[in-house]
2 protein chains.
Amino acid sequence: MLTERQLLILQMIIDDFIETAHPVGSRALAKKKNMPYSAATIRNEMADLEDLGFLEKTHSSSGRIPSEKGYRYYVDHLIAPISDKSNKKILKDIIDQEIYELEQIAQISAEVLSELTNYTSIILEPELLETKLKQLQIVPLSSRSAVAILVTDTGHVEHRTMKMKNDIDPSDLEKVVNILNDKLQGVPIVRLEEVFQREITKLLKQYVRNFDESYEYIKNILAHEQPVNLYIGGKANILLQPEFRDISKIYSFLTMMENKEQIAELLKNTKHGIEVTIGNENEIEAIKDLSLITTTYHFGEGQVGTIALLGPTRMEYRKVISLLSSLSKEMSDVLHKYFPSS
Amino acid sequence: MLTERQLLILQMIIDDFIETAHPVGSRALAKKKNMPYSAATIRNEMADLEDLGFLEKTHSSSGRIPSEKGYRYYVDHLIAPISDKSNKKILKDIIDQEIYELEQIAQISAEVLSELTNYTSIILEPELLETKLKQLQIVPLSSRSAVAILVTDTGHVEHRTMKMKNDIDPSDLEKVVNILNDKLQGVPIVRLEEVFQREITKLLKQYVRNFDESYEYIKNILAHEQPVNLYIGGKANILLQPEFRDISKIYSFLTMMENKEQIAELLKNTKHGIEVTIGNENEIEAIKDLSLITTTYHFGEGQVGTIALLGPTRMEYRKVISLLSSLSKEMSDVLHKYFPSS
DNA sequence: TGTTAGCACTCGTTATCATCGAGTGCTAAT
DNA sequence: ATTAGCACTCGATGATAACGAGTGCTAACA
């Protein structure tokens, strides 16, 4: 158990390091106001805190920097979450614009979030787990090509272009689309293919000539491969952090950020509420020297999206936590307002 | 007018510098095969070429590097376009996959292009100038919100979510959509709003109660703000170029690449055929020390998209020109195959 | 006994300086 | 007209010293 004095010193070291990115020495710390102890005393405590694993040295005669354990303790025990009203207001103003599309809200929020922090932000759209089909359309483009369009009850639109081997009979097409709409409206997107195969195939066989030829195409339309829609803000902003001084680091960071699958992997286990993952606590190799802070936003029945911020372990946790919880709330509110019933 | 010997020396210097990124000295050049002159002769010619503005020195006793004028001459007169068959094949294989959506073709092509060159590539979708409306749909989400969907004859899908002040009457909606489709099918996307205002407003007033309430919403749907759809490949790859050694340069480059408007500005005047813009020939400040090489691809009647590659002025022009003209051809071919009539 | 002043020591940073080598321009010889 | 030779330039490299912010330890102090 740490003493009061140790807590104070640990906190001041971490606060200072987060601000300046320079190792903190005993003399400099002693000079600060609110620091009633002498440099020598601080040195002793620092040595103890280092033994306990909360601090580190960059070399034998350097000042101290927080270890990952130090940050962990800091995040868990030392930061009284402040609520930054001016930033909150900025977020609210942004989101309260008359934008009715999740994609745009997400894109803009991601940019603003990065602008306010100089870290890189990622916003994931909710998976479509619970969204239901509102309407299905198939629009013929030529005699042998068509574009299929799915609209969900949350206003999400997906489309897929197809090329057919045989000509389309317009009246057959109409029949198929009518039957599909009739039977599939209200069915969750993820179950479309299954319901189609189980319940509708037979029906269609009865009503539509040559249905066998179309079977694969329709199956394809309904086979829902979850596309991961994500919006990234401020890939350049993070270069302002002194931690990104060497190019190989920038390179590996940017390479990772270009890989959507990896980012999805990174964020797949997001829990509700704010969660902070520091350095090696992260499972993905490429960000083992960064911190990731995540939260979720919600709308409809169980629609969950993710908001994340990626920065150096020397992150302004206090500010970032407050920002993320504000944004989570604002986005949930706005989405709830736009899609009240769904 | 340059002598044969000057041409040879200029060409060899530029080739060498493009390959190694190191200033080229007379002794090193003299040692190469195909170089029948001595170091001293080369030195004299180099001095002349420098006087003529084709070469530069980085400092008084350094080897020579090409000036922008040198690159310009090189591109215009010294590179016999080679056709790199293996790369051509890669491109063809990529594009010949069963992808029927321009967006995906563009995205994948952009990535491959960057992978093959280690420069940053940009592919712009064609403007919709000539595309025509195939079908319009309005899908109600709740009593006061709906999503409008436009499908063009090229299979392009756009959608917009709206929030209304008053409840929607389903039968009115159907009437409106039917009339709109009836009158607007085949009308170029860019003229939808105009035709609507001029020819359809009156008609709708006759058939639909309270049409005035809906007027603004429909106008909004049809008001086509050209969204610039662009796909970027390899923002990280370009860091492999030694020219991107300092972070401030990386920062300004990435910042520019995050600004879609600026990129659109950059590419708005693309001419048909391959075009190379070197260093200060570029009008945008942020890329005055880079080279931009562009070409177009085509489909349908006058649908023109842009392919671009952005790299250091020390670019492998020969390779890049051949790659871009292959890709332009491949993309045009594929698109023509998918949308033959349009 | 806990706190602090003092001091020797460490080590990264910065500046200085000599050396090296790839390059040039010029002159004289071929 | 071409080339060999040579003095000179200048960035890069590496060694060395001086500096300073920091530490750990010991002894003095309240």
Side-chain angles (χ1 to χ4, degrees), chain A residues 1-10 12-17 19-67 70 242-243 245-246, chain B residues 1-10 12-17 19-67 70 242-243 245-246:
Chain A
M1 191 53 200
L2 299 180
T3 66
E4 277 298 312
R5 191 164 71 187
Q6 285 174 321
L7 290 180
L8 176 69
I9 290 174
L10 180 59
M12 286 186 77
I13 289 174
I14 300 185
D15 280 339
D16 195 83
F17 183 70
E19 194 185 329
T20 66
H22 295 300
V24 185
S26 57
R27 243 179 75 84
L29 202 55
K31 277 191 200 143
K32 296 208 164 196
K33 49 186 167 231
N34 307 327
M35 176 49 77
Y37 311 105
S38 75
T41 309
I42 293 173
R43 273 203 290 285
N44 290 331
E45 293 289 23
M46 278 176 161
D48 289 350
L49 285 167
E50 185 175 352
D51 289 342
L52 292 168
F54 293 105
L55 295 178
E56 286 173 356
K57 286 192 280 195
T58 59
H59 58 88
S60 75
S61 72
S62 80
R64 300 305 203 293
I65 64 173
S67 67
E243 278 80 358
R245 234 176 290 130
D246 73 298
Chain B
M1 192 52 204
L2 298 180
T3 66
E4 276 299 313
R5 191 165 71 187
Q6 285 175 321
L7 290 180
L8 176 69
I9 289 173
L10 180 57
M12 287 187 75
I13 290 174
I14 300 185
D15 280 340
D16 194 81
F17 184 70
E19 193 184 329
T20 66
H22 294 299
V24 185
S26 57
R27 243 180 75 83
L29 246 199
K31 277 190 200 143
K32 296 207 163 198
K33 51 186 165 225
N34 307 327
M35 176 50 78
Y37 311 104
S38 74
T41 309
I42 294 172
R43 272 203 290 286
N44 290 331
E45 294 288 25
M46 278 176 160
D48 290 350
L49 285 168
E50 186 176 354
D51 288 343
L52 292 168
F54 293 107
L55 294 178
E56 287 172 356
K57 285 192 279 194
T58 58
H59 59 87
S60 75
S61 72
S62 79
R64 301 304 205 290
I65 64 173
S67 67
E243 279 81 358
R245 234 176 291 129
D246 73 299

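To find a chain, count down the sequence lines: A is the first, B the second, and so on, and within it residues start at 1.
Interface residues of residues 37-58 of chain A facing DNA chain D, ordered by number: A:R43, A:M46, A:K57; criterion, heavy-atom separation under 4.0 Å.
In this view, B:E19 satisfies the salt bridge (charged side-chain N to carboxylate O under 4.0 Å, His left out) rule with no residue, not counting sequence neighbours. Under the salt bridge (charged side-chain N to carboxylate O under 4.0 Å, His left out) criterion, B:E56 pairs with no residue at all, not counting sequence neighbours. Partners of A:L2 by side-chain contact (heavy atoms from CB on, under 4.5 Å), not counting sequence neighbours, listed by chain and number: A:Q6, A:L7, A:L10, A:L49, A:L52, A:F54, A:Y73. Looking at residues two or more places apart in sequence or on another chain, you find a salt bridge (charged side-chain N to carboxylate O under 4.0 Å, His left out) between B:E243 and B:R314. In this view, B:T41 and B:S38 satisfy the side-chain hydrogen bond (donor to acceptor under 3.5 Å, both in side chains) rule, not counting sequence neighbours. By the side-chain hydrogen bond (donor to acceptor under 3.5 Å, both in side chains) test, A:T58 pairs with A:S62, sequence neighbours left out.
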Kindly give the atom pairs (protein nitrogen or oxygen, nucleotide nitrogen or oxygen) under 3.5 Å for nucleotides 13-21 of chain D.
none

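A:R5 has its CZ atom 11 Å from the C1' atom of C:dT4, to the nearest Å. Remark: P of D:dT23 and CZ of A:R64 are 6 Å apart, rounded to the nearest angstrom. When the P atom of D:dA4 is taken as reference, atom NZ of B:K31 falls 13 Å away, rounded to whole Å. Separating the CG atom of B:D16 from the P atom of C:dA22 is a distance of 15 Å, rounded to the nearest angstrom. In this structure, B:I65 places its CD1 atom 15 Å from C1' of C:dT24, rounding to the nearest Å.
OP1 and OP2 of D:dT9 both lie 4.0 Å or more from every side-chain N or O belonging to B:S60. Taking 4.0 angstrom as the limit, A:R27 places none of its side-chain polar atoms (N or O) nearer than this to OP1 or OP2 of D:dT23.
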### Task
Would you please test B:D48 and B:E45 for side chain to side chain contact (heavy atoms under 4.5 Å, CB included) and show each step?
CA-CA 5 Å; B:D48 290 350; B:E45 294 288 25; 3.8 Å; yes
Pairs under 3.5 angstrom only: tabulate donor-acceptor contacts from the side chains of residues 20-34 of chain A to other protein residues two or more places apart or in another chain.
from  : atom 1 : to    : atom 2 : distance (Å)
A:T20 : OG1    : A:D16 : O      : 3.1
A:T20 : OG1    : A:H22 : N      : 3.1
A:S26 : OG     : A:R43 : NH1    : 3.1
A:K32 : NZ     : A:D16 : OD1    : 2.5

